[in-house]
Structure formats: C-alpha cells, structure tokens
Amino acid sequence: RRGASGEIRLGPRPRRAGAAAAPRPRRSGEVRGRFEGARGLRRYTRATQAYYDVQRSRGAVYETVFSRDGALGFSLELVRDGVDGRTLVAVESISRTCEHAATLERGDELLGIYDFLLVQPTREDFLNVLKRLAASKRPLKLSFVKRAATGLAAKDAAADPVER
C-alpha cells in the first residue's frame, strides 16, 4: 500500500480512531496469545514435544496398541486445563469391553496417535481426531499421559469441559 506521500507502507492497515479490532476466527491448529501465527505454532509444537519428553522421562507416558476391530471402548472429551489454560483431549469414560480397560483411567490425556502429537487441539481438531480414530486401521497405537501427571487429578475442580 502507498501512503499519502507516496511511500510504501508495510504492516497492518491503520485502524480508524475508536474502531474496535474485529476478532479473527480461530483456525484449526492456531493458537492465540504468545503462540499466535505460524511461528507461534512451531513454538507451541516444540513446547508440546518438550512436555512429552518430560512426562516420558518421569514415566508418566504410556502407549497402548489396539488390535481389535470395532469400537475402542472408551470415550474422549476436549478439556481446558484450569491450571495453565491449555486444551487437551482426555479420556472421559472407559467401558468394560475396552481392550485396555485395566490400563486407561478417566482423565488420562491422549497425547498422540501413532507418532503424531496433538498440539493445542481446537473443537474442529477434536472432531477430526474422533473421525480419525474411528476410521483408523488396526493395530492402532495411542500415546497417553497418566492422569496424575496432567494435573487433571482434581479434574472436576480444576478443568472445564469445552463446549462439544
């Protein structure tokens, strides 16, 4: 764009005085705040990888392999952690028919599908995860973080379910 004196201006268009900035709709995988934009998403991905590595070193990460076809036997929910404000996919309930009913606990965080880490999932991402899990071939490898390590041990008090 060119300014009044003919110079080329870079950056955002100046707003009119008193005009409020229109909120931009949130896209899948986009993170607000200090992690905003593509550069911020890379930062958040590195932060998620670091979180995964720390939890793994503490022995809080476990992997399960589902080999039976059909339903997995557990349900998931999108939760906003009240402690640090991040959103995560957590186990909501486990049925008796679940292949790993003895291993899974309510509140365990689903961290990865195969070797793909879930980074700041939005509602749209959560729905895509559910579709991907339903359509995935077996064996299906899922990575979880134990409930106590996620800070969701007091889930009812510290975390709020995100609108479904």
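The residues of the chain are indexed from 1 along the displayed sequence. Predicted, not measured: the structure shown is a model, and the values here were computed from it.
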Notebook entry, point to check: Are Leu76 and Phe116 connected, step by step, through hydrophobic side chains (Ile, Leu, Val, Met, Phe, Trp, Tyr) whose heavy atoms are closer than 4.5 Å?
Noted result: yes
Checklist line | Nearest heavy-atom neighbours spanning Val79 and Ala90 | finding: CG2-CB, 4.1 Å
Checklist line | Shortest non-hydrogen contact between Glu109 and Arg86, atoms and distance | finding: OE1-NH2, 3.0 Å
Check: Just how far is it from atom CG of Leu130 to atom CG of Asp125, taken to the nearest 0.5 Å?
Finding: 11.0 Å
Next item on the list: Look at the aromatic rings of Tyr62 and Phe144 and report parallel, tilted or perpendicular, splitting at 30° and 60°.
Entry: parallel
Checklist line | From CZ (Arg123) to CG (Asn128), nearest 0.5 Å | finding: 11.0 Å
Item checked: Residue pair Leu140 / Ile113, side-chain heavy-atom distance below 4.5 Å -> yes
Note to self: Given 3.5 Å as the limit, does a donor-acceptor pair link the side chain of Arg80 with the main chain of Thr87, or not?
What the structure shows: no
Next item on the list: Could you go through the side chain to side chain contact (heavy atoms under 4.5 Å, CB included) check for Arg138 and Leu72 one step at a time?
Entry: CA-CA 10 Å; Arg138 305 299 190 262; Leu72 295 174; 3.3 Å; yes
Item checked: Steps toward side chain to side chain contact (heavy atoms under 4.5 Å, CB included) verdict (Leu142, Tyr114) -> CA-CA 6 Å; Leu142 302 177; Tyr114 297 108; over 6 Å; no
Notebook entry, point to check: Is there a side-chain contact between Ser136 and Phe66, using heavy atoms and a 4.5 Å cut-off?
Noted result: no
Notebook entry, point to check: Taking it one step at a time, do Leu111 and Leu117 satisfy side chain to side chain contact (heavy atoms under 4.5 Å, CB included)?
Noted result: CA-CA 6 Å; Leu111 193 59; Leu117 287 178; 4.0 Å; yes
Next item on the list: Report yes if some heavy atom in the side chain of Val129 is under 4.5 Å from a heavy atom in the side chain of Pro121; otherwise report no.
Entry: no
Notebook entry, point to check: Does Gly73 offer a backbone N or O that forms a donor-acceptor pair with the side chain of Ser95 under 3.5 Å?
Noted result: yes
Next item on the list: Please test Val145 against Asp108 for side chain to side chain contact (heavy atoms under 4.5 Å, CB included), starting from the C-alpha separation and ending with a verdict.
Entry: CA-CA 6 Å; Val145 177; Asp108 285 357; over 6 Å; no
Checklist line | CG on Leu78 to CG on Leu110, rounded to 0.5 Å | finding: 11.0 Å
Checklist line | Rounded distance (nearest 0.5 Å) linking atom CZ of Phe74 with atom OG1 of Thr103 | finding: 11.5 Å
Notebook entry, point to check: Once you round to the nearest 0.5 Å, how far does CD of Glu105 lie from NZ of Lys146?
Noted result: 8.5 Å
Next item on the list: Check Thr48 against Val119 and note the closest heavy-atom contact, atom names and distance.
Entry: OG1-CG1, 4.0 Å
Next item on the list: Could you tell me whether a side-chain N or O of Glu99 sits under 3.5 Å from a main-chain N or O of Arg68, the two making a donor and an acceptor?
Entry: yes
Note to self: To the closest 0.5 Å, what do you measure between OG (Ser67) and NE2 (His100)?
What the structure shows: 6.5 Å
